[in-house]
Amino acid sequence: MQCTHWRRVPLDMAREARERSAAECVDRAVQCQLSTHSGDEHYGLLGDLVEYGIALWLRWRERIEVSLAVLPDCPAVAPRPDSEACCLFAGHTEQHTWEDVSPSRPQVR
Ligand SMILES: [Zn+2]
Ligand SMILES: [Zn+2]
């Protein structure tokens, strides 16, 4: 399960993200990309930067602070033939995105 927290992106941060990333537009609100987790620090993806392997994230805490974080991509790759790269950032907590497979979803063969 992905974390269900959303955060509105403050206008100045959206503008900065647009200037620094390759994205044409930046979402008005982002969802935390981590798997359901404890703690109140959430990370929403704003966009990939022009430099390869680095992305811009919105980091926030419940009702307290919002900040921009430039983080390198997580280097982990799934140990499977159809290996997918993890969509999170290096040093994240919780599971890699490819570990977070919902048990209700049937495996594709
Ligand atoms: Zn979260
Ligand atoms: Zn990862």
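Owing to the predicted nature of the structure, the values given are computational and were not obtained by experimental measurement. These numbers come from the heavy atoms of this one structure, side chains and all, not from hydrogens, waters or symmetry mates. Just follow the structure's listing: the first ligand is 1, and inside any ligand the first atom is 1. Index from 1, following the sequence.
Under the 4.5 Å side-chain heavy-atom criterion for grouping Ile, Leu, Val, Met, Phe, Trp and Tyr, Val30 is connected to Val70 within one hydrophobic cluster.
At distances below 3.5 Å, not a single donor-acceptor pair connects side-chain atoms of Gln33 with backbone N or O atoms of Cys87. The backbone N or O of Met1 sits less than 3.5 Å from a side-chain atom of Thr36, completing a donor-acceptor pair.
Distance check for His37 against the Zn ion (ligand 1): an N/O/S atom falls below 2.8 Å.
The residues Glu19 and Arg15 are annotated as not salt-bridged, no charged nitrogen and carboxylate oxygen being separated by less than 4.0 angstrom.
Counting only protein atoms, the N, O or S atoms lying less than 2.8 Å from the Zn ion (ligand 2) are Cys74 SG, Cys86 SG, His92 NE2, His96 ND1, ordered by chain and residue number.
Between Cys86 and Trp98, the closest side-chain pair of non-hydrogen atoms falls below 4.5 Å. A heavy-atom distance below 4.5 Å is found between the side chains of Val66 and Met13.
His92 and Phe89 have perpendicular rings, their planes meeting at more than 60° on a 0 to 90° scale where under 30° would count as parallel.
Atom ND1 is the N/O/S atom of His42 found closest to the Zn ion (ligand 1).
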